Amino acid sequence: MAHDSLYAAPPTAEAEPGGGRLASVRGLLGSWDAVIVAALVVAVLVASLTVENFATGRNAQFLLLDLMPLALIALPMTLIVITGEIDLSVASMVGLCSTLMGQLWLSSGLSLELICVLVVLLGAVLGAVNGLFVTGFGLPSLAVTIGTLALYRGLSFVVLGDQAVADFPADWTAAVVRNIPGTSVPVMVVPLLVLAVIFGVVLHATAAGRALYAMGNNDQAATFTGVSVARTKFWLFVVSGAVCGLVGIFWTLRYASARGDNATGLELTVVTAVLLGGVSIFGGRGALLGVVAGVLLLGVLRNALQLADVDANALTIVTGSLLIASVVLPNAVADIRARLHRRRQRQPVAS
Amino acid sequence: MSLTDAGAPERAAGNAPPDPDRQRRGLTERLLAVRELSLLIALGLLVGVTALRNDRFLSGQSIKDLLLGCAILVILAVGQTLVIVTRNVDLSVGSILGLVAFATGSLFLSAPGTPWPVALVVGVALGALCGAVNGGLIAVARVPALVITLGTLYAFRGVDYYWASGRQINAADMPPSFLRLGNQTVLGVPVLFLVALVVVAAVGFYLRSYRSGRELYAIGSEPAAARLSGIRVGRRVFAVFVASGALAGLAGVLYAARFGTLDAAAGTGLELQVVAAAVVGGVAIFGGSGSAYGAALGAVLLTTIGSSLAVLRIDPFWQQAVVGALILAAIGLDRLLALRVAARLRGRSAHGA
Amino acid sequence: MTADAPGTQAPLLVLDGVTKSFGAVAALRGVHLTLHSGEAHALVGENGAGKSTLVKVLAGAHAPDSGSLTLDGQPLRLGGPADARAAGIAVIYQEPTLFPDLSVAENIFMGRQPLRGLRRIDTAAMNRDAERLFQRLGVRIDPTRPARGLSIADQQLVEIAKAISFDARVLVMDEPTAALSGVEVERLFAVARSLCEGGAAVLFISHRFNEVFDLCHRVTVLRDGAWVSSDDTADLTVDEVVRGMVGRDVSSLYPKQDAELRDTLLDVRRLSRAGVFTDVSFSVRGGEIVALAGLVGAGRSEVARAVFGVDRYDAGEVLVAGRAVPAGNPGRAIAAGMALVPEDRRQQGLIMELSVERNATLARRRALSRLGLLLGAAERAEARQWTRRLQVKASRLGAPVATLSGGNQQKVVLAKWLATEPRVLIIDEPTRGIDVGTKSEVHRLLSELAGQGLAILMISSELPEVLGMADRVLVMHEGRLVRELPRAEADETSIMFAATGQGATA
């Protein structure tokens, strides 16, 4: 190409004022995964050394089982938050799926296998309702899913009232808590890992994943590049609903109880784990590895403190502080760095 | 409401002086009034239908219960309006209410002679302090308030539990003068509701008629432009969170006075109802529009739905589902209205070139 | 307007030796600027020359690192936008900064609303004052309507009303005409002139030299953050100004070469969208550059968006190389061989937070996948190839595209679309907001692409660009194609005639 000689001045002065700062926050978030993984390792080590009964097989099994719902829902939530949306109705979808599973088992006479399939489908439908409101009507997902949070939770009470269905077959309820033979790792970890790998690959190594980041940063520009923003977001909500269906089944069988208030408040823990994992609430930034580490960190801390006889309800201090720290710290560090950098810049000028 | 009529004369009449009526109440304000009017109509319909089915619904006692029941939610919704208008959200109000309510009880427990106005001031101050924590963290982190207040929702509640460590405070531990505050009526109207009315009127008036109030809308409508027009955005947002905290503190004290029995779980989950009330009341979740009056009406409507369901003998378990459906309907309607108004405004934009 | 040199009295505002750095980047290096009362003063320079930083300094949004500001002989310190406003400096930014939810009157008087008892806002007085301002500007905008839905031109007018409402002594206008049509520009200039006559000083920033010479008495040129010259416009030619900006001679700005015309590649048939455009039909052949001219708001960009599938249309069809392209689906349009370089680079063309590499390969993300997997190495190789071909100047491919200059950003957008090897390239305002040097690079590139057989549809509001580049000119007026002019017949008069709706009946 011939048009080389015309551009004379090197583009020195045109960097955006915010560019330096943006880059340093970004550099830091790039290593945020590492920070969280390191924090996780430290937490496990400290807990193993100081908390009685923490480093036992039995505790590991409980820890992992307790984490399952959080970990599962965090997977689609990560993708949704990266696109700049949020799904606050997840816990209510779990609750509604759980009570419907109970009601179907109680009164329909269908086989439990079929019921499980129906429940996952139902979850997908609930998610589709969210998706329709958000993408079809163009409403903010925050408001929509606060609405469906109330709606689905309300419906789950409508289905079973304040009753519980508990008479699920023992072989089913035992199956979900069984360990992989010879280990203290629950069998259920296997499907979780498979799903995590699938979500990770989709997010980080496919064209669809690139599209998710693109629309999270700027959905208009993404549209102009041929990304079907609305359709993609719709399906993310559907997937989120289906995963909540799975979690509803797991929750019901694990505690052998289908109740209207199952999983109440879980949405906030999931969002905490995702943000702790370094996903930006503005969308467009974050990685699945960080989220997995964030989920584990949250689980380990809560488990260890519980073993150390801290009141379960007071544990919310830990959740809240972690969440705040995860958003305040990177900014504070970036600020300090920028200030140091500026000082270093200024010194040669002054001297 | 006659948007169509308003547009026509303006285009037709060449240089005629603007219609004096239009001058007094501008288009922007009228759009808001439509929203509040539709809420009033919905409320009227609800009350009407319920009263038709059961005339006891309009008895003095029933109305008193209703007013008593909505007072706390109204105060919280008004506080939330201040926050949402600036394109933020305060999810920690339920936890602040719980913490302040328990603190009020504890104050009377440890210093039984405390006069109730002192407790009120202490409670409001504690709420304001919690709000200041929110505001400060948001200023430092520069992330959406959603994240920070989600964190403090947990943290404040955790402090509450940690402090209470399973204890419960009963009405017997509190002075009767204080408890009367929660149930007394003036001319048949509960004092609690009067307090709420004062809060609504004060905040509504402030938001509409004061420069700093209008600046809150400016911030929520376009934060970058607000900064460029010299509005001190950080300071205003901080103040708004302190105000929301203080109102949550006030609500906490009133909660203690009304219910008497307090544990660390008081007000759990209330934040969603509060946001719902504001959204149903026409406060746009992404800031810049809405009024305290609307939010208060939204809170009254949500509370009334609860009581109506009971009177109509509908399974009370439906209540939450109805609230959810109402939120969806409200934001859907707002969206529809906004689209139609936008289409009309585009038509008006073509002034004589 | 002639330069009746108001330089005899003492200057109104003086900037002396103003320096401002962001990190390692020096945006302003000892800039001088003197504004006299009653003067319209142009500030020109390539993108990145420091104009916008200078504006921000005047607006109080940036504090200079060193140097001084003097107003009326008194030293001026600006701690924030509020200080600048108090000093009588008003700034109209490139992009209007209105509050969409608030009424027009409130937008004008935010923070300065007239008060009555108890320090309450006097809404009626505020609306009256706004009405009076609009009368002075000779426009009719309902002060009580919300700012949402105002056209860009009306938004600019509200900004101007805001500026004159506090009797600004210095009015700074940062590319205010970028989004305005000819009539609107004239109106704006009339206001600026009357302000000057009233004793204010106007600092006018623009890339359009005809406007600079039309309005301004003096021109200050900046290059690479440094002051180059300040001269009376009467003593200058456009070439001299350009030479000052670029630091060397610029030979030809618009070098479209004749290319062999091939088969029709883009065929648009009777496209309509209610209220936006009606019955638009045209075709573009390979090797041809067709310009879509018209006033802002005539529906040009809207047609482009509909053709590419970003917006839906109600009737008509779009064919690429004889095959119908499904409506409302940019992905399918890309697959059919179309590419659209949109008008708003920051909002539509690029994802500013993502790296140069990701941006350059975003449209090729499916093509670069193997067995559904997209690996970083493939993206890097592709991005390196195309950024090298277009000579994108970036520190590294992993840098966020936001750190590049406007011209280089535009090259990344072009790289992104050329990588898809399109047959039809739609390019909306190809050189808006980019510097003179890159401008001719882009023009040369377009000419070269046409030579390679691409069909190019170019939308442009700059008539010299249209006249220099296009083989054919289509003129739109109020949503309709009103005129088609071959290169030989197209000149400023014939295009403006048609664009203002006067040629439609002829």
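Bear in mind that the values here come from a model prediction, so they are computed numbers and not experimental data. Throughout, protein chains are lettered first and strands after them, A, B, ... in sequence-line order, and every chain is numbered starting at 1.
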Exercise. Under 4.5 Å between any side-chain heavy atoms of Val227(A) and Arg365(C), yes or no?
Worked result: yes
Problem set entry | Where Arg231(A) and Asn329(C) come nearest, the two heavy atoms and their spacing | NH2-ND2, 4.1 Å
Seminar exercise, completed: Among Thr361(C), Leu375(C), Leu373(C), the residue with the most heavy-atom pairs under 4.5 Å to chain A is Leu373(C)
Exercise. What pair of heavy atoms forms the shortest contact from Arg346(C) to Asn218(A), and how long is it?
Worked result: O-ND2, 3.4 Å
Seminar exercise, completed: Ile351(C) and Ala221(A) have their tightest heavy-atom pair at CG1-CB, 3.8 Å
For this session: Specify which of Gln347(C), Glu379(C), Arg332(C) makes the most heavy-atom pairs with chain A at under 4.5 Å.
Result: Gln347(C)
Exercise. Do any of residues 206-214 of chain A come closer than 4.5 Å to chain C, heavy atom to heavy atom, and if so which ones, in number order?
Worked result: Thr206(A), Ala207(A), Arg210(A), Ala211(A), Ala214(A)
Seminar exercise, completed: Closest non-hydrogen contact found for Arg305(C) with Phe224(A) is NH1-CZ, 3.7 Å
For this session: Look up atom OG1 in Thr225(A) and atom CD1 in Ile334(C), then write down how far apart they are to the nearest 0.5 Å.
Result: 6.5 Å
Seminar exercise, completed: Residues at least two apart in sequence or cross-chain that pass side chain to side chain contact (heavy atoms under 4.5 Å, CB included) with Val239(A), listed by chain then number, are Pro76(A), Phe199(A), Val243(A)
For this session: Answer with side chain, backbone, both or neither: which region of Lys56(C) has an atom nearer than 4.5 Å to a non-hydrogen atom of chain A?
Result: neither
Seminar exercise, completed: Taken in chain and number order and not counting sequence neighbours, the residues that satisfy side chain to side chain contact (heavy atoms under 4.5 Å, CB included) with Leu296(A) are Leu40(A), Leu67(A), Val292(A)
Problem set entry | Part of Arg358(C) within contact of chain A (heavy atom distance under 4.5 Å) | side chain
For this session: Identify, with sequence neighbours excluded, every residue that meets side chain to side chain contact (heavy atoms under 4.5 Å, CB included) alongside Ala124(A).
Result: Val238(A), Ala242(A)
